[in-house]
Amino acid sequence: MIDQEIIRKQKLEKLVEEGIDIFPHKAEKTHSVIEVVSNYGSLTKEALEEQKIKVAVPGRILSIRKMGRATFFHISDGQNTLQVYLREDKVGKKNYNLFSLFDIGDIISVEGLLFKTKTGELSVQAETFNFLAKSLHPLPEKWHGLQDVELRYRKRHLDLIMNPEVRKIFQLRCTMISEIRKFFDQRGYLEVETPMMQPIPGGALARPFKTYHNALGIDLYLRIAPELYLKRLTVGGLEKVYEINRNFRNEGISSEHNPEFTMLEFYEAYSDYHDLMDLTEELINSLCQTLLGKEEAVFGEKTISFKRPWKRLKFKDALVQHSGLAPSRFEDEKGIMEIASNLTPEKKVMSFGKALDIIFDKNVKPNLVQPTFVINPPKIVSPLAKSSKKDPDEAERFELVIGGMEIANAFSELADPEEQQKRFEQQAAERKKGVEEAHWIDKDYINSLEYGLPPTAGEGIGIDRLVMIFANKKSIREVILFPLLRPKD
RNA sequence: GGCCCGUUAGCUCAACUGGUAGAGCAGCGGACUCUUAAUCCGCGGGUUCCAGGUUCGAGUCCUGGACGGGUCACCA
């Protein structure tokens, strides 16, 4: 324990000796700090004197300036700060001395009249004040605050106390999610919850987390996607469903990947992937306008425009335009597979389609800053999508890329149970070859398709990444309150 | 997992070619009844991330490790 912590503990003991309840059950509160500031901040000094507005406002002490028998300090509700003026002749000598047992970081409530100082700052002239909670640790420094990124994530409570802009990110995130719910609710979608613990982890190509259920004696997997369950619901006649929930993927961690992440997934019967492109434009454009008040977002050095319509680029054309490879090179399948192999020395390139996918991820995606629908990727990397009528090697699928990140992935859902069975078998063969993220065979899902899946389009949108775009944050950890870190000690 | 960078007081940071580990804020004591990075005087505070090594001597150099950041790989 450091000396400051010992002193704080001693002060707390003194408060107990003074008969103060150090863990009170309730606090007087007429206003929060932000309410005081927004309701009365614009009133003039004279108006405040005339109206004699009495408030009882709780907050955390962030700074103290003591000048003998008078003290100024600021309290905060995490959103705004409010100055308090404490005078010995107003609160009495005993109470005034009691305040010396309070430290920066403690939570108190202050009761008194609002006024403006000679410099024009809205303040509370304290008549009484109550102790609410002690901070047994000193807060970080008042100018620079808490800068250490690791500490900010490990002690998010401190981050929120010291860095008010952090709260704004999560307010934005909250608003975005609630707007998404409104958007789909208004369109007659039903919000559902499907299993997070699944006997067969399906719906995506990724490695799962494994767990075990004692009573049933079975292995379970944390879901990597809700997809197969949502489509069962579509078979069941729920024509429009959506789910906003966590997925878990046992893969690497990076500035764009957290092992658990939030995904919006939705399915619409009687539609195809073209309909979803329109819907996606509408959704994200309206989110941008609601959140930022305009149709563009600043992201790093770039400005992203969400004005409709967005670019729709065929996968193969995207490759030609952005990979730097001549169109003729793509006719040479072996050559392309070699190029892909060189791009991913640790991964075996099993097919031409995979090779194209790799070149796309490495050389094309980073160049797509403006919202772009990349449509019709190879079927081989899309085991759950309908293939294209015109070219059976292509999937009726799009990936939405914004700011160089894959934000959404959607397709016309494969409805043919026999074809699905074949695709699963293909994936099973890949698994045998050691591709751990290949899809499992899900017989129950095939069986559900055998009851008839109507023409359906489905889409997943990465919520965290969308927040990153709107909040202008380059790291996914900045938009997740508690990103996964290795435990210390 | 590879590579690069970082880790020094509660916080933010200094410390040259290896030579007694410092500052500001925060804290403690004192002065001060409109301050706001309050001011003025005084004081305390360190496993320099950890373990080895080189050296008369290591915060500094070397080896290994921990944690984080960036980047690449895997993935969304």
Side-chain angles (χ1 to χ4, degrees), chain A residues 1-8 10-11 45 62-74 81-91 96 100 103-105 115-121 123 125 135-155 158 162 203-208 224-225 247-265 343-347 357-358 361-362 365-366 381 399-401 405-409 435-437 460-466 468 474-477 483 485-489:
Chain A
M1 200 155 45
I2 61 168
D3 55 351
Q4 297 199 40
E5 292 167 340
I6 295 167
I7 289 163
R8 280 168 186 252
Q10 287 168 348
K11 286 181 176 176
K45 197 175 167 121
L62 283 193
S63 63
I64 300 175
R65 292 174 296 284
K66 189 180 173 189
M67 300 166 305
R69 293 186 182 82
T71 298
F72 285 93
F73 59 94
H74 273 100
T81 58
L82 178 64
Q83 182 167 259
V84 181
Y85 185 34
L86 187 70
R87 290 169 60 118
E88 190 187 276
D89 58 7
K90 285 274 178 188
V91 299
Y96 190 78
S100 64
D103 287 299
I104 290 172
F115 75 106
K116 276 198 173 166
T117 62
K118 70 176 186 191
T119 53
E121 179 167 351
S123 307
Q125 168 88 253
S135 172
L136 293 172
H137 305 288
L139 292 189
E141 200 228 7
K142 65 182 169 190
W143 310 347
H144 307 89
L146 186 65
Q147 306 268 321
D148 187 292
V149 177
E150 182 178 353
L151 262 184
R152 285 187 44 234
Y153 299 151
R154 289 194 192 276
K155 301 198 173 191
L158 261 191
M162 298 308 297
L205 306 179
R207 283 141 71 193
I224 55 175
N247 289 344
F248 308 86
R249 297 190 185 172
N250 208 339
E251 311 277 358
I253 295 177
S254 79
S255 56
E256 290 172 26
H257 299 85
N258 195 60
E260 53 179 313
F261 62 101
T262 301
M263 182 100 137
L264 158 69
E265 207 159 294
L343 286 171
T344 61
E346 290 175 34
K347 196 179 174 184
D357 204 39
I358 288 162
D361 279 350
K362 299 290 143 207
K365 206 193 274 178
V381 294
E399 287 184 34
L400 172 61
V401 182
M405 291 188 290
E406 186 181 333
I407 298 294
N409 180 17
V435 181
E436 277 184 73
E437 63 271 14
I461 296 181
I463 294 296
D464 312 273
R465 288 181 181 176
L466 203 51
M468 286 168 68
K474 290 279 190 173
S475 169
I476 200 169
R477 293 178 207 99
L485 298 182
R486 191 183 287 277
K488 223 157 188 179
D489 300 334

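Chain letters run A, B, ... following the sequence lines, proteins first and then strands; every chain starts at 1.
Under the side chain to side chain contact (heavy atoms under 4.5 Å, CB included) criterion, A:S100 pairs with no residue, sequence neighbours left out. When the side chain to side chain contact (heavy atoms under 4.5 Å, CB included) test is applied to A:M405, the partners found at least two apart in sequence or on another chain are A:E256, A:F299, A:I407, A:R465, A:M468, A:I469. Listed by chain and number, the residues in a side chain to side chain donor-acceptor pair (under 3.5 Å) with A:S255 amount to none (sequence neighbours excluded). By the side chain to side chain contact (heavy atoms under 4.5 Å, CB included) test, A:E88 is found to be paired with A:R69, A:K93, A:Y96, residues two or more places apart in sequence or in another chain being considered. Taking the side chain to side chain contact (heavy atoms under 4.5 Å, CB included) definition, one finds that A:R154 meets it with A:E150, A:L485, A:K488, sequence neighbours left out.
Comparing atom distances between the A:R477 side chain and each of B:C28, B:A76, B:G70 picks out B:G70 as nearest. Of the candidate nucleotides B:C34, B:A26, B:U71, B:A26 has the atom nearest to the side chain of A:K142. Closest to the side chain of A:S254, out of B:U33, B:A76, B:A73, is B:A73. Which of B:A26, B:C28, B:C34 sits closest to the side chain of A:I104 comes down to B:A26. Closest to the side chain of A:D103, out of B:G68, B:C28, B:C34, is B:C28.
The P atoms of B:G59 and B:A31 are separated by 41 Å, rounded to the nearest whole Å. Atom name C1', nucleotides B:A58 and B:U20: the rounded distance is 14 Å, in whole Å. Spacing of P atoms, B:C13 relative to B:A73, comes out at 31 Å, to the nearest Å. Atom C1' of B:A15 sits at a distance of 11 Å from the matching atom of B:U48, rounded to the whole Å. Remark: the separation of the P atoms in B:G46 and B:A23 is 14 Å, to the nearest Å. Here, B:A26 and B:G45 have their C1' atoms 11 Å apart, quoted to the whole Å.
B:G46: no Watson-Crick or G-U partner with both key distances under 3.5 Å is found in any strand. Using N1 to N3 plus N6-O4 or O6-N4 for Watson-Crick, or N1-O2 and O6-N3 for G-U wobble, each under 3.5 Å, B:A31 pairs with B:U39.
Between the side chain of A:R65 and the base of B:U35, a donor-acceptor pair under 3.5 Å is found. Between the side chain of A:Q83 and the base of B:U35, at least one donor-acceptor pair of N or O atoms lies under 3.5 Å.
The nearest whole Å value for the distance from the NZ atom in A:K116 to the P atom in B:U35 is 17 Å. Computed from coordinates, the A:I64 CD1 to B:A38 P distance equals 11 Å when rounded to whole Å.
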Per-nucleotide protein contact string for nucleotides 3-12 of chain B, where B marks a base within reach and S marks sugar-phosphate only (heavy atoms under 4.0 Å, - for neither): -------BBS
